[in-house]
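Atom set for the values below is all heavy atoms of this structure, side chains included, hydrogens, waters and symmetry mates excluded. All chains are named by letter (A, B, ...) in the order of the sequence lines, taking the proteins before the strands, and each is independently numbered beginning at 1.
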Amino acid sequence: MHCQTTGSWGSYMPTTRTAATVVVGDPLERIERLASENAVVIFSMSSCCMCHAVKRLFCGMGVNPSVIELDQDPRGRDMEKALIRLLGASPAVPVVFVGGKLVGAMDRVMASHINGTLVPLLKQAGALWL
Amino acid sequence: MNSPSAVLTRRMAIYEQFHQISRWGDAFDRDDSPNTGSSAIVQVDVGNKAGYISCDQVEHSRSDQETNKPTDKIQRRLAQNREAARKCRIRKKAYVQELESSRLKLAQLEQELERARQQGIYISSASDSGYFGLSGAVNPGISAFEMEYGHWVEVQDKQVCELRNALQAHITDIELQILVETGLNHYCNLFRMKADAAKVDVFYLSSGLWRTSAERFFHWIGGFRPSELLHVVISHIEPLTDQQQLEVCHLRQSSQQAEDALSQGIEKLQHNLAQNVASDFSWGNYGAQMAVATDVLEAFEGFVNQADHLREQTLLQMVRVLTTHQAARALLALGEYLHRLRALSSLWASHPR
């Protein structure tokens, strides 16, 4: 099944600024905003292989997740730190949100898939129709 | 004192003694020496504890008959005898010294072995497994894991026997539940052990060197594929209700999907490393090489841990879906399957080629 991961979907909107202005905004808020923009949102890094694995997992289930590559985002560093604080552990990625709500890092995603709670969640968020 | 050396000395001395007596007998028969009378009466001290006749006595008697031709032969015989006895004594001394040094060496080796055991260096006796035999350097963390795992297998086999007996004896569900919980905890212990070993040497753990050859045949990221084990067990837990059938089917499907995802992640890791090593620009720079190595190790450790996490979750979910009795049968089937694979490995190891 060919899976398309939409990159940078709603991740960064360029703003006009002078040399004096600095881009402000709480990274956590940004994360939450981005997470609610799609049924399934994965925060990732293009070099991270575990992120690749989680992307393949969702594609294999027939889900089309939205992927935000932090290493390609100008505010990626701040978001990475915020995610570490949110998860209470390193590494920051991959992190999965379904229906705007946090599912967790790879082990939480796997556990919820195995115990059968992930699929209903996906269906509820409208990411899966079967 | 009856030590071998004393007996030997006594025997040799007795031989000499007899020789002296026969010689005295000769002297008495050919009484043509002017000094015969005095020489013949030299007494042999048979009361002597060592039974040893000093050379002096022999010398004294012999010198009186030096001129006689027949005594030349006797002298020669005496000399040869003395020489043989001397050589014999030297050989004996050398042999005893060798024995003593071998004894010391044995004691030393035993000490070393004991010290090594205490330090956790595992000396494997099974021909089938052995990190020790494959690598020159022995990592104590890995040796500790091997020892622990050996013990884990022993306990596992005991638990399987208990389960078998319990199921045949038709014990209550509550008692059976305790056995199931014990079995699950035992597997969880294994995953914890593996996680610790992964921190020490992830490539060792993922290589499966600590497993038997038949188990390694099914190897997937440091162990079995959970979906495969599920398949093994399912036939032993029938009959299932419709609901259970559905849930077991979903479990197999989701574990297969998770396995595929992890496999693809590792393929990407391998691809990245290969590309990095093949490219020229940073190679030759120790710092860059170390950075690459560290990244790969960390990432790989993550995958090995996720694989074990998947095994644990699949096992727990399977038990959740089943009744106590079914779960007991499932654990029994799993334990017996693993036991048979290990037994097959031993057979192969001793199979003549």
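- Chain B is approached within less than 4.5 Å, heavy atom to heavy atom, by Met106(A), Asp107(A), Met110(A), Ala111(A), His113(A), Ile114(A), Asn115(A) from residues 100-119 of chain A, ordered by number.
- Environment of NE2 in His186(B): crowded, with over 12 heavy atoms of neighbouring residues, nucleotides or ligands closer than 6.0 Å.
- For Gly265(B) against Ala53(A), the heavy-atom pair with the smallest separation is CA-CB, 4.0 Å.
- Put simply, CE on Met50(A) and CD on Gln306(B) are 4.5 Å apart, with the number rounded to the nearest 0.5 Å.
- Atom CD of Gln177(B) sits in a crowded spot, with more than 12 heavy atoms from other residues, nucleotides or ligands closer than 6.0 Å.
- The stretch residues 310-323 of chain B places Leu310(B), Gln313(B), Thr314(B), Gln317(B), Arg320(B) near chain A, each with some heavy atom under 4.5 Å from a heavy atom of that chain.
- Between Cys49(A) and Asn272(B), the closest side-chain pair of non-hydrogen atoms falls below 4.5 Å.
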For Leu57(A) and Gln257(B), run side chain to side chain contact (heavy atoms under 4.5 Å, CB included): C-alpha distance rounded to whole Å, both residues' side-chain angles, the deciding distance at 0.1 Å, then the answer. CA-CA 6 Å; Leu57(A) 178 65; Gln257(B) 284 167 345; 4.1 Å; yes

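- Sorted by first and then second residue, the salt bridge (charged side-chain N to carboxylate O under 4.0 Å, His left out) pairs involving residues 239-253 of chain B (not counting sequence neighbours) form an empty list.
- Within the 4.5 angstrom heavy-atom criterion, only side-chain atoms of His309(B), from C-beta onward, approach chain A.
- Evaluation of the salt bridge (charged side-chain N to carboxylate O under 4.0 Å, His left out) test over residues 81-99 of chain A, restricted to residues two or more places apart or in two chains, returns none.
- The number of heavy atoms from other shown groups lying within 6.0 Å of CZ (Phe218(B)) is above 12.
- Residue-environment remark: NE2 (His219(B)) exceeds the threshold of 12 foreign heavy atoms within 6.0 Å.
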